[in-house]
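Starting off with a structure, shown below.
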Amino acid sequence: MLDIRLIRENPDSVKARLATRGPGHESAVDAVLAIDGERRAADTSLQGLQAERNRLSKEIGKLRASKQDSSALEAGVKSFGSRMEELNAAVTVLDARQRDLLLNIPNLPSETTPVGRDAADNPVLREWGTKPALERVEDHVAIGERLRLFDFERGGKISGSAFVVYTGAGARLERALINFLLDLHTTKHGYTEILPPLVVKPESLFGTAQLPKFADQQYRCANDELYLIPTAEVPVTNLHREEILPLASLPVKYAAYTPCFRREAGSAGLGTRGLIRMHQFDKVELVKITTPETSDAELESLTADAERVLQLLGLHYRVIELCTGDIGFGSAKTYDIEVWAPGQNAYLEVSSCSNFGDYQARRMNLRFKGEKNRFCHTLNGSGTALARLYVALLESGLQPDGSVALPPALHKYFGAETI
RNA sequence: GGUGAGGUGGCUGAGUGGUCGAAAGCAGCGCUUUGCUAAAGCGCCGUAGUCCAAAAGGCUACCGAGGGUUCGAAUCCCUCCCUCACCGCCA
């Protein structure tokens, strides 16, 4: 959520920065400003009446204490009760409307985010490794079916399309990856492991900005008004919602493995084969809560922590920076890490590392105590998504005989060197 | 799910429908004094919104949340949420 004061005081620069995301935000800013003026005018008159009421009520108290007649005053106070009720109702409505408008305005892109229209304008920042020279190239679905690592047909039978069942060695590989990732981030990168609930209250989704704008992407348990998490970012960042953290406790660094649930509404048939886009997938998420002064540097190290995963697995990847037209709703700055998948002949996004600035912190009222209370900055990044990592591993490790060689870092976790 | 108890400022903990935004203690900050690994005295010490060009200052709201009664609610009433205890059910 943007700071209403910032909008009030610098409407033109706010509009200009939002415009780099694409058209349509200018009118939202104007609407907020209009409501804000109306709201404050109503609130000011209400407060004036309240002050008057309080003053008179105290006088009534005094009169009564000295056994004097106070009926005239009482009638006076009572007479502006209806006016107060009216104003109070107006303020409540305007307040809610203003909040609703603000919740639907995206974050300002960072000054350092490259300006661009869409994904085609995202600059490649760096590459690591090279595309492997393979004798045999095969799609991971073919590999997995041959080696009986997963079963899409039965996944569809029990849960529907875009659900998969991992079986035997395939299930073990998934488990090996989870353990490898959590061990790496907790023992080498200083993150505290979190195992959060997989369903959350709507407030949590408002906090990290999945709601209200992206309600149709969430799985919702209507009976209890709970939502399946689309990413561990939601429960983990909200861990400290409504809290004031001591300065000395920052930066907070959490790593969490969870399944993630996404309806992918609108992407009919999901447009991809295999494991690349699923309704349920595993992910290890990295979350940081920092001061405003350190968040830029923390984004760099967060990205480096995610890149380390691919380096240890010997997978070729590249890092791109999302331009203003492509960054997510709440993000100020985002790096995507894309791993090379030979069978797809394409790079697959396995991590998206973002600095949200104080945008989420304002929504969830997450502050820290320095000289005075200030909003924290929040960051998160995948470290990494498992399913696409899995794709890259199968396709990159494919041997001429059809088996898959695993990178050494996974041997002890998987319990074998090949599948 | 049932019954009971309870939710007050960073913490502990008082609180009578009316000078209560809230006693007291602890913690914290500042000053003074004595001095030595501290003590004592005094003062300050919640959050948010809003008014004023701004500062100073004023005002408003907040005692789990939302309603209600009243001229006036931390205090009375209703609903909900949460915590704790016991019971029931259960992986």
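Proteins come first, then strands; the chains are lettered A, B, ... in the order of their sequence lines, and each starts at number 1. Note that this is a predicted model, so its numbers are computed, not measured.
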Mind checking who C26(B) pairs with, Watson-Crick or G-U wobble, both distances under 3.5 Å?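 Base-paired to G10(B).
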
Give me the distance, rounded to whole Å, that separates A56(B) from A48(B) when you measure between the P atoms they each carry.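 Straight-line distance between the two P atoms is 16 Å.
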
Between H140(A) and Q344(A): side-chain donor-acceptor atoms closer than 3.5 Å: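 Yes.
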
Which whole number of Å gives the distance between the C1' atom of C29(B) and that of C36(B)?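 It works out to 22 Å between them.
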
What integer distance in Å separates E85(A):CD from G72(B):P?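 Interatomic distance, CD of E85(A) to P of G72(B): 11 Å.
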
Using whole Å, what does the distance between atom P of nucleotide C82(B) and atom NZ of K201(A) come to?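 Value for this atom pair: 6 Å.
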
Paired nucleotide for U47(B) [Watson-Crick or G-U wobble; both distances under 3.5 Å]: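 Partner of U47(B): A61(B).
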
Geometric class of the F152(A)/F150(A) ring pair [parallel <30°, tilted 30-60°, perpendicular >60°]: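 Rings of F150(A) and F152(A): perpendicular, over 60°.
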
So which nucleotide does C36(B) pair with, by the Watson-Crick or G-U wobble rule with both distances under 3.5 Å?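 Its partner is none (no Watson-Crick or G-U wobble pair with both distances under 3.5 Å).
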
Nearest-Å distance for atom pair CG/P, residues L46(A) and A61(B):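 Rounded to the whole Å, the gap is 9 Å.
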
Letter per nucleotide, 5' to 3', of nucleotides 49-58 of chain B [B base touched, S only sugar-phosphate touched, - untouched; heavy atoms, 4.0 Å]: BSS-------

How long is the line joining CE of M84(A) and C1' of U60(B), in whole Å?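 Roughly 10 Å, once rounded to whole Å.
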
Write down the distance between CD (E203(A)) and P (A65(B)), rounded to a whole number of angstrom.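 After rounding, the gap between these two atoms is 14 Å.
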
Judged by modelled atom types alone, do E193(A) and Y257(A) share a side-chain donor-acceptor pair under 3.5 Å?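 On atom types as modelled, these side chains do not qualify, holding no pair under 3.5 Å.
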
Pairwise C1' distance, U16(B) and G2(B) [rounded to whole Å]: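 Those two atoms are separated by 36 Å.
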
Please give, in whole Å, the distance from A48(B) P to E242(A) CD?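 To the nearest whole Å, that distance equals 13 Å.
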
Quote, to the nearest angstrom, the P distance that separates G30(B) from G6(B).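 The same atom, P, in both gives a distance of 41 Å.
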
OP1 or OP2 of U19(B) sitting under 4.0 Å from any side-chain N/O of K58(A)?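 Looking at the OP1 and OP2 atoms of U19(B), neither is under 4.0 Å from any side-chain N or O of K58(A).
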
For K213(A) and P106(A), indicate whether the former's side chain and the latter's backbone hold a donor-acceptor pair under 3.5 Å.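 No: the side chain of K213(A) does not pair with the backbone of P106(A).
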
Give me the distance, rounded to whole Å, that separates G9(B) from G64(B) when you measure between the P atoms they each carry.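 Here G9(B) and G64(B) have their P atoms 8 Å from each other.
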
Between I327(A) and P109(A), what is the shortest heavy-atom contact and its length?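 Smallest heavy-atom distance, with atoms named: CD1-CB, 3.9 Å.
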
Could you check which nucleotide pairs with G1(B) in any of the strands shown, counting Watson-Crick or G-U wobble with both distances under 3.5 Å?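 Pair assignment: G1(B) / C87(B).
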
I'd like the P distance from U19(B) over to G57(B), given in whole Å.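 Pairwise P distance, G57(B) against U19(B), rounds to 24 Å.
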
R53(A) side chain near A61(B) phosphate (N/O to OP1/OP2, under 4.0 Å):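 For R53(A), the contact criterion (side-chain N or O under 4.0 Å from OP1 or OP2 of A61(B)) is met.
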
Using Watson-Crick or G-U wobble geometry with both distances below 3.5 Å, tell me the partner of A56(B), or none.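 Across all strands, not a single nucleotide pairs with A56(B).
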
Taking for each residue the nucleotide of RNA chain B with the nearest heavy atom, is it K369(A) or K78(A) whose nucleotide lies nearer the 5' end?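 Comparing both residues, the 5'-ward one is K369(A).
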
Among R97(A), R8(A), R99(A), which residue meets the salt bridge (Lys or Arg N to Asp or Glu O under 4.0 Å) test with D36(A)?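 For D36(A), the salt bridge (Lys or Arg N to Asp or Glu O under 4.0 Å) check succeeds only for R8(A).
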
Using purine N1 to pyrimidine N3 plus N6-O4 or O6-N4 for Watson-Crick, or N1-O2 and O6-N3 for G-U wobble, both under 3.5 Å, which nucleotide pairs with G41(B)?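 Paired with G41(B), as far as the under-3.5 Å criterion goes, is C31(B).
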
Please report the distance, rounded to the nearest Å, between CD in E52(A) and C1' in A61(B).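 Rounded to whole Å, this separation is 18 Å.
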
Reckon I60(A) touches a base, only the sugar-phosphate, or nothing at all at heavy-atom distances under 4.0 Å?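 Base contact.
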
Does a side-chain N or O from N54(A) land closer than 4.0 Å to OP1 or OP2 of C71(B), or not?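 Answer is no, no contact under 4.0 Å.
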
Paired with U70(B) by Watson-Crick or G-U wobble geometry, both distances under 3.5 Å: which nucleotide is it?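 Check on U70(B): unpaired, no WC or wobble geometry under 3.5 Å.
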
Taking it one step at a time, do T378(A) and Q360(A) satisfy side-chain hydrogen bond (donor to acceptor under 3.5 Å, both in side chains)? CA-CA 7 Å; T378(A) 58; Q360(A) 293 179 326; 2.7 Å; yes

Steps toward side-chain contact (heavy atoms from CB on, under 4.5 Å) verdict (F281(A), Y390(A)): CA-CA 11 Å; F281(A) 63 95; Y390(A) 202 104; over 6 Å; no

Side chain of R367(A) only, heavy atoms from C-beta on: which candidate in G72(B), G18(B), A48(B) is closest?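 Per side-chain heavy atoms of R367(A), the pick is A48(B).
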
Between G17(B) and C77(B), how far apart are the P atoms? Round to whole Å, please.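 One P to the other, the span is 12 Å.
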
Using the C1' atom as the reference point in each nucleotide, state the distance between C80(B) and C86(B) in Å, no decimals.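 It comes out at 23 Å once rounded to the nearest Å.
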
